[in-house]
Engineer: 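Shown below is the structure under consideration.
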Amino acid sequence: MSAEETMGQIAKEVAVCQKCALYHSRKHAVPGEGPANAEIMFIGEGPGFYENEQGRPFVGAAGQFLDQLLAQAGLKRTDVWIGNVVKCRPPGNRDPQLEELAACDIYLERQIKAINPKIIITLGRYSMAKYMPGAKISAVHGQMRRVGERYVIAMFHPAAALHQASLKPAIMADFAKLPELLERARKELKRNGPASESNADEPPKEEPKQLNLF
Ligand code: URA
Ligand code: SF4
C-alpha cells in the first residue's frame with residue numbers, strides 16, 4: 001500500500017471505530033489531513049466542536065491562529081500534515097483520558113509510519129507526553145530533539161496561546177524558528193525534499209515471481 005492509500009484506509013477505519021468511549025460523541029471523525037509525504041506533522045489534542053461538525057482538524061479559532069503561525073513560518077496548511085492524538089471529539093471538549101489516548105494511538109502510529117516525517121511538532125501537553133513523558137512544556141518548547149528516525153519539537157497549543165496572552169510571543173517565536181530547524185533536520189537526517197522514503201507498508205519492489213506451471 002502506498003502512504004496515500006494507507007492514510008485513506010486509516011480514515012475509513014476511524015470513521016467507524018468503537019475502540020474507546022469517544023465514538024459516542026462523534027459526529028464526524030477527524031483522522032487528520034495533509035500530504036502523505038509531508039515533511040512536518042503537527043499533532044494536537046482532539047477535535048473540538050467545529051472539527052466534529054466538519055471532520056477536519058483545526059478549523060475553529062485555534063485553527064485560524066495555526067494558519068497565521070504557519071504563514072509566519074512561510075508554510076501553507078497544505079504543505080504540512082495536521083492531526084490529533086484522539087480522532088473523535090471528547091464531549092464538551094473535556095481532556096482525553098488515558099485509555100482513550102492509548103486506544104487511539106495505534107492510528108497515529110500508523111499515520112506516522114506511513115508519512116515518515118522529518119519533524120513532528122506536538123501542540124500541547126497530550127501529544128508532547130507521547131515523546132517527552134514528564135517534560136514541562138514551559139521548559140522544553142521550541143527545542144528540537146532527535147527521536148529515532150526524526151525530530152520532535154514540543155510547542156504550546158495554539159488554543160492555550162489564544163487564551164493566555166503571555167504564551168503568544170513564545171509560540172510565535174517557536175514557529176519563526178521552524179524554517180531553520182527544518183533545514184537542520186533535512187541535513188542531519190540526510191533526507192532532502194518531501195518524498196517519503198520508508199513507507200513500510202509498501203510491498204518490496206522485486207516481487208517474488210510466481211512459478212507459472214502452465
Ligand atoms: N484543537 C486540537 O487540539 N485539535 C483540533 O483539531 C482542533 C482544536
Ligand atoms: Fe476509535 Fe480513536 Fe475515535 Fe476512540 S477516539 S473511537 S480509538 S478513532
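When a ligand or atom number is given, it counts from 1 through the structure's own listing order.
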Engineer: Measure from the ring center of His157 to the ring center of Phe58 and say whether it is less than 6.0 Å.
Structural biologist: yes
Engineer: Name the residues in contact with ligand 1, where contact means a heavy atom under 4.0 Å away: which are they?
Structural biologist: Gly44, Glu45, Gly46, Glu51, Pro57, Phe58, Asn84, His157
Engineer: Would you give the length of the straight line joining atom CD of Glu45 to atom CG of Asn93, rounded to the nearest 0.5 angstrom?
Structural biologist: 8.5 Å
Engineer: With no hydrogens and no angle check, do the side chains of Gln68 and Gln64 hold a donor and an acceptor under 3.5 Å apart?
Structural biologist: no
Engineer: Measure the spacing between NZ of Lys19 and CD of Glu100 and express it to the nearest 0.5 Å.
Structural biologist: 14.5 Å
Engineer: Show your reasoning for whether side chain to side chain contact (heavy atoms under 4.5 Å, CB included) applies to Leu70 and Phe42.
Structural biologist: CA-CA 11 Å; Leu70 286 169; Phe42 285 90; 3.6 Å; yes
Engineer: How far apart are the C-alpha atoms of Glu109 and Lys113, what are their side-chain angles, what is the distance that settles it, and do they pass the salt bridge (Lys or Arg N to Asp or Glu O under 4.0 Å) test?
Structural biologist: CA-CA 6 Å; Glu109 276 300 319; Lys113 190 173 164 200; over 6 Å; no
Engineer: Using the ring of each side chain (for Trp, its six-membered ring), is Phe156 parallel, tilted or perpendicular to His141, with breaks at 30° and 60°?
Structural biologist: tilted
Engineer: For the residue pair Tyr126 and Asp95, confirm or rule out a side-chain donor-acceptor distance under 3.5 Å.
Structural biologist: yes
Engineer: Do Lys87's NZ or CZ and the ring of Tyr23 fall within the cation-pi criteria of under 6.0 Å and 45°?
Structural biologist: no
Engineer: By residue and atom, what protein N/O/S atoms are less than 2.8 Å from atom 4 (Fe) of ligand 2?
Structural biologist: Cys20 SG
